[in-house]
Amino acid sequence: MRALISSEFYKLYKQSKTYYALVALFIIEAVVLVSAYFQGTSIIDILLDNLKQTFYFEGSLLNGNLLVYLILNTLWFHLPLILMIIVSGTLTSEYKDRTVQAMMLQPISKWKFILSKYIVAVIFTLVVVFFVALSAFVLSYGIFGKGDLIVYLNALNFFEQQDALYRLKWAFVSGAFSMVFFSVASLTIAVFLKEATKTWIVSAFFLILSNILLKVDFGIAWINRLFFAKLNDTWQYFFYTEIPWDTILQNTLFLSVYIALLMGIGIYVFNKKDIG
């Protein structure tokens with residue numbers, strides 16, 4: 001198994017789309033920072049002119065914490081989409097090149113082969129989220145400095161510098177579980193569809209549908225609490241005035257169950273199907 005995992009990491013390293021996708025992520029991050037540098041202050045001044053006459057804010061409201069929060073919002077679509085393309089490509093490219101068939105001619109268990117891909121997908125996703133978070137904090141603080149964070153979630157919430165940093169760090173940790181969920185989902189979709197283009201289209205549709213269903217009220221309490229689409233905004237709970245830790249832990253637990261379930265389905269189907 002260790003040899004299979006090492007091999008998967010090497011193939012991911014050699015895959016050119018990995019680098020294109022990672023560069024795209026950092027370009028998105030750079031666009032957010034450059035746009036804020038040239039236009040952010042004037043926009044914030046217009047939006048919060050009345051509040052500034054009533055409240056005292058420490059430092060500029062256009063600061064590193066706000067920029068990290070804006071970059072954090074790439075967890076809604078940009079980051080999971082790019083991760084899904086890279087992760088699913090680890091299998092679809094092998095179907096295209098017929099290296100899957102070559103691997104199966106060796107004394108390797110099919111379930112170990114696909115499990116190694118899931119393990120690498122999870123580790124790779126966590127590493128990417130870590131570096132996105134690290135670069136977001138370093139660049140945002142380096143360019144814009146520190147200050148109070150203002151967030152609108154049903155109402156305006158204000159957080160002092162240290163509190164904002166604490167919440168942002170935990171939000172990235174929570175968001176990492178959502179990114180793992182979508183990465184694992186894309187690999188499971190690839191198990192069923194095999195072809196890259198079909199897999200990417202269905203993965204993008206799954207991501208869009210998940211974001212739409214997040215806003216839907218199903219009218220049944222337990223579905224609204226436990227349906228997978230309702231769990232992917234858990235990272236936003238860190239920006240309520242009081243952090244609902246019980247809800248966050250419950251959501252994370254159920255999201256982990258969904259991740260394990262998707263992995264189980266993918267491993268079972270791959271192990272049973274004819275590789276041809």
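For Ser93 against Gln15, the heavy-atom pair with the smallest separation is OG-OE1, 3.8 Å. Between Asp148 and Asn63, the shortest heavy-atom contact is O-ND2, 2.7 Å. The minimum heavy-atom distance linking Val191 with Tyr95 is given by the pair O-OH, 4.3 Å. Arg225 and Leu231 make their closest contact through O-CD2, 3.3 Å (heavy atoms, listed as atom of the first residue, atom of the second, distance). The two residues Phe182 and Pro80 have their closest heavy-atom pair at CD1-CB, 3.9 Å. Considering all non-hydrogen atoms of both residues, Ile259 and Phe181 come closest at CG1-CA, 3.7 Å.
Partner of Trp235 under the ring pair (Phe, Tyr, Trp, His ring centres under 6.0 Å) criterion, out of Phe172, Phe177, Trp76: Trp76 alone.
Two residues are said to be in side-chain contact when any heavy atoms from C-beta on lie closer than 4.5 Å; Arg167 and Tyr69 fail this criterion. Counting only heavy atoms from C-beta outward, the side chains of Phe239 and Leu72 approach each other to under 4.5 Å. Here the side chains of Phe9 and Ile5 are in contact, with some heavy-atom distance below 4.5 Å. When side chains are defined from C-beta on, Phe131 does not count as touching Leu25, because their heavy atoms never get closer than 4.5 Å. A 4.5 Å side-chain heavy-atom check between Met84 and Thr199 finds every atom pair outside the cut-off. You'll find the side chain of Leu79 reaches within 4.5 Å of the side chain of Val129, heavy atoms only. Phe192 places a side-chain heavy atom less than 4.5 Å from the side chain of Ile265. Residues Lys11 and Lys117 are in side-chain contact: their nearest non-hydrogen atoms beyond the backbone lie under 4.5 Å apart.
Lys110 places a side-chain N or O within 3.5 Å of a backbone atom of Lys273 that can act as its donor or acceptor partner. Of the possible polar contacts, none joining the Ser35 side chain to the Val32 backbone as a donor-acceptor pair under 3.5 Å is found. No side-chain donor-acceptor contact under 3.5 Å links Ser140 to the backbone of Phe137. The main-chain N or O of Ala190 is never found under 3.5 Å from a side-chain atom of Ser88 such that the two would form a donor-acceptor pair.
In this structure, His78 NE2 and Leu207 CG are separated by 10.5 Å, a value rounded to the nearest 0.5 Å. Interatomic distance, Asn211 CG to Asn232 CG, rounded to the nearest 0.5 Å: 8.0 Å. One finds the CD1 atom of Ile114 at 5.0 Å from the CG atom of Leu187 (value rounded to the nearest 0.5 Å). Interatomic distance, CG of Leu81 versus CH2 of Trp200, reported as 10.5 Å (0.5 Å rounding). In this structure, the separation between CG on Leu262 and OG on Ser186 is 10.0 Å, given to the nearest 0.5 Å. The NZ atom of Lys96 sits 8.0 Å away from the OG1 atom of Thr197 when rounded to the nearest 0.5 Å.
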> Run the side chain to side chain contact (heavy atoms under 4.5 Å, CB included) check on Thr18 and Phe124 step by step: do they pass?
Replying inline: CA-CA 11 Å; Thr18 301; Phe124 175 74; 4.1 Å; yes

>> Before you tell me yes or no, could you show the steps for Leu149 and Leu165 under side chain to side chain contact (heavy atoms under 4.5 Å, CB included), namely the whole-Å CA-CA distance, both residues' side-chain angles and the distance that decides it to 0.1 Å?
In response: CA-CA 9 Å; Leu149 172 65; Leu165 176 60; over 6 Å; no

>> Test side chain to side chain donor-acceptor pair (under 3.5 Å) on Asn65 and Tyr141; report intermediate values, then the result.
In response: CA-CA 7 Å; Asn65 286 321; Tyr141 284 174; 2.4 Å; yes

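Transitive grouping of hydrophobic side chains (ILVMFWY, heavy atoms separated by less than 4.5 Å) keeps Phe77 and Ile27 in distinct clusters. Put simply, Leu139 and Val23 are part of two different groups of oily side chains (I, L, V, M, F, W, Y) that touch within less than 4.5 Å, one to the next. Phe26 and Val127 sit in two unconnected hydrophobic clusters of ILVMFWY residues. Membership requires side-chain heavy atoms under 4.5 Å apart, directly or through other members. Hydrophobic clustering (side-chain heavy atoms under 4.5 Å, transitive across Ile, Leu, Val, Met, Phe, Trp, Tyr) keeps Tyr20 apart from Leu12. Under the 4.5 Å side-chain heavy-atom criterion for ILVMFWY residues, no single connected hydrophobic cluster contains both Ile201 and Ile85.
Counting non-hydrogen atoms of neighbouring residues, nucleotides and ligands closer than 6.0 angstrom, the OH atom of Tyr19 exceeds 12 such neighbours.
Looking at residues two or more places apart in sequence or on another chain, you find a side chain to side chain contact (heavy atoms under 4.5 Å, CB included) between Val202 and Ile189, Leu193. Leu213 pairs by the side chain to side chain contact (heavy atoms under 4.5 Å, CB included) definition with Leu209, Val216, Phe218, Phe227, Ala229, not counting sequence neighbours.
Using cut-offs of 30° and 60° on the angle between ring planes, the pair Tyr10 and Tyr13 is tilted. Classified by interplanar angle (parallel below 30°, tilted 30° to 60°, perpendicular above 60°), the ring pair Trp170/Tyr166 is perpendicular.
The six-membered or imidazole ring of Phe206 lies near that of Phe228, with a centre-to-centre distance under 6.0 Å. Ring pair Phe270/Phe113: centre-to-centre distance below 6.0 Å.
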Report, one line per pair, each donor and acceptor closer than 3.5 Å where one atom sits in a side chain of residues 245-255; sequence neighbours left out.
from	atom 1	to	atom 2	distance (Å)
Asn251	ND2	Thr234	OG1	3.3
Thr252	OG1	Ile248	O	2.8

